[in-house]
Amino acid sequence: MSNNPPTFADSDSPLRSLIQPKQNLVKSPYLNFDPEYVAKPEFIFPEGASRQRGRFELAFGQIGASCMIGGAVGGTSGFFKGLKQTTLEGQTGKLRRTQLLNHVMKQGAARANSLGVLAVMYSGFGVILSWARGVDDELNTVAAGTATGLLYKSTSGLRKCGIGGVVGFGIASLYCLLTSKNRLQDMVSSSYSPA
């Protein structure tokens, strides 16, 4: 009897009768199938489906990442602010440690909440625009960023609302320039080329 674990070819799997395995592939004796067949794109994406995730599917990752980044940035700034304040007040020991934790948690939660709200607004506008226009392109990104800035600062007066819209427009435009430079160049060159 050999010391080698059983291979796909040795198994009595129902898949074995449907699929003829190649001899040079490493088979998974524990899962009882050939892993090569799972890695093919036609088994990952349903037939006729888009090979790219839509805005709605990407929204969950964007919102979660924004909350985590906000929490990390806020927690770090809260730690340094707490260090400064507890040093000025001459606190030591358990009291200082408790005050540091309070600063970290308060600042982290505040920043996570702010960035999370911005991400929810941006994702919501992006999904609505993508659904309404029937296409997901850079125009949706810029419009969603601008609308997010306008809405976020809408309760602070007309001037700050406009500034928020300009900031949102600027960040969304910069993002589009960085991520879609080739596509934008193709769009500009095709619009100025003679027919």
Side-chain angles (χ1 to χ4, degrees), residues 35-81 103-195:
E36 180 189 63
Y37 294 103
V38 176
K40 292 186 178 180
E42 61 263 17
F43 294 110
I44 296 172
F45 294 101
E47 192 173 309
S50 173
R51 301 240 175 194
Q52 181 180 356
R53 292 189 289 168
R55 275 200 187 260
F56 185 71
E57 294 158 333
L58 294 174
F60 297 102
Q62 291 171 347
I63 294 166
S66 296
C67 288
M68 291 178 69
I69 290 169
V73 169
T76 304
S77 70
F79 178 75
F80 288 116
K81 184 187 261 187
H103 280 279
V104 167
M105 297 306 285
K106 184 177 179 182
Q107 291 289 321
R111 297 294 175 261
N113 189 23
S114 296
L115 276 181
V117 166
L118 283 170
V120 167
M121 283 191 226
Y122 170 75
S123 298
F125 282 125
V127 168
I128 290 169
L129 287 168
S130 179
W131 175 76
R133 293 184 62 228
V135 65
D136 188 18
D137 61 359
E138 288 77 16
L139 182 61
N140 289 353
T141 301
V142 173
T146 305
T148 299
L150 289 169
L151 182 61
Y152 189 72
K153 287 296 185 179
S154 64
T155 59
S156 300
L158 195 57
R159 184 173 186 273
K160 288 191 177 181
C161 179
I163 291 172
V166 169
V167 169
F169 176 80
I171 292 172
S173 298
L174 182 64
Y175 173 77
C176 286
L177 286 174
L178 293 175
T179 59
S180 306
K181 190 180 349 181
N182 294 336
R183 185 172 167 181
L184 291 172
Q185 286 175 347
D186 291 343
M187 288 170 58
V188 170
S189 65
S190 67
S191 66
Y192 287 116
S193 63

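Between Tyr122 and Thr141, the closest side-chain pair of non-hydrogen atoms falls below 4.5 Å.
Qualifying side chain to side chain donor-acceptor pair (under 3.5 Å) partners for Ser130, counting only residues two or more places apart in sequence or in other chains: none. The ring pair (Phe, Tyr, Trp, His ring centres under 6.0 Å) search around Phe60 returns Phe56, not counting sequence neighbours.
No donor-acceptor pair closer than 3.5 Å links the side chain of Ser173 to the backbone N or O of Gly170.
The distance from the CD1 atom of Ile128 to the CG atom of Asn140 is 11.5 Å, given to the nearest 0.5 Å. Taking CD1 from Ile163 and CG from Leu150, the interatomic distance works out to 11.5 Å, rounded to the nearest 0.5 Å. Put simply, CG on Leu174 and OG1 on Thr179 are 9.5 Å apart, with the number rounded to the nearest 0.5 Å.
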For residues 103-113, which side-chain donor-acceptor pairs fall under 3.5 Å, sequence neighbours excluded?
from	atom 1	to	atom 2	distance (Å)
His103	NE2	Gln85	OE1	3.2

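Residue Ile63 comes nearest to Val120 through the heavy atom pair CD1-CG2, 3.8 Å, listed as atom of the first residue, atom of the second, then distance. Shortest non-hydrogen contact noted between Gly126 and Ala144 is N-CB, 3.7 Å.
Within a 6.0 Å sphere centred on CG of Leu178, heavy atoms belonging to other residues, nucleotides or ligands number more than 12.
Sequence neighbours left out, not one pair with a member in residues 128-181 passes ring pair (Phe, Tyr, Trp, His ring centres under 6.0 Å). Pairs engaging residues 137-157 under the salt bridge (charged side-chain N to carboxylate O under 4.0 Å, His left out) rule: Arg133-Asp137, Glu138-Arg183 [sequence neighbours left out]. Counting only residues at least two apart or on different chains, the side chain to side chain donor-acceptor pair (under 3.5 Å) pairs with a member in residues 58-75 are Gln62-Ser123.
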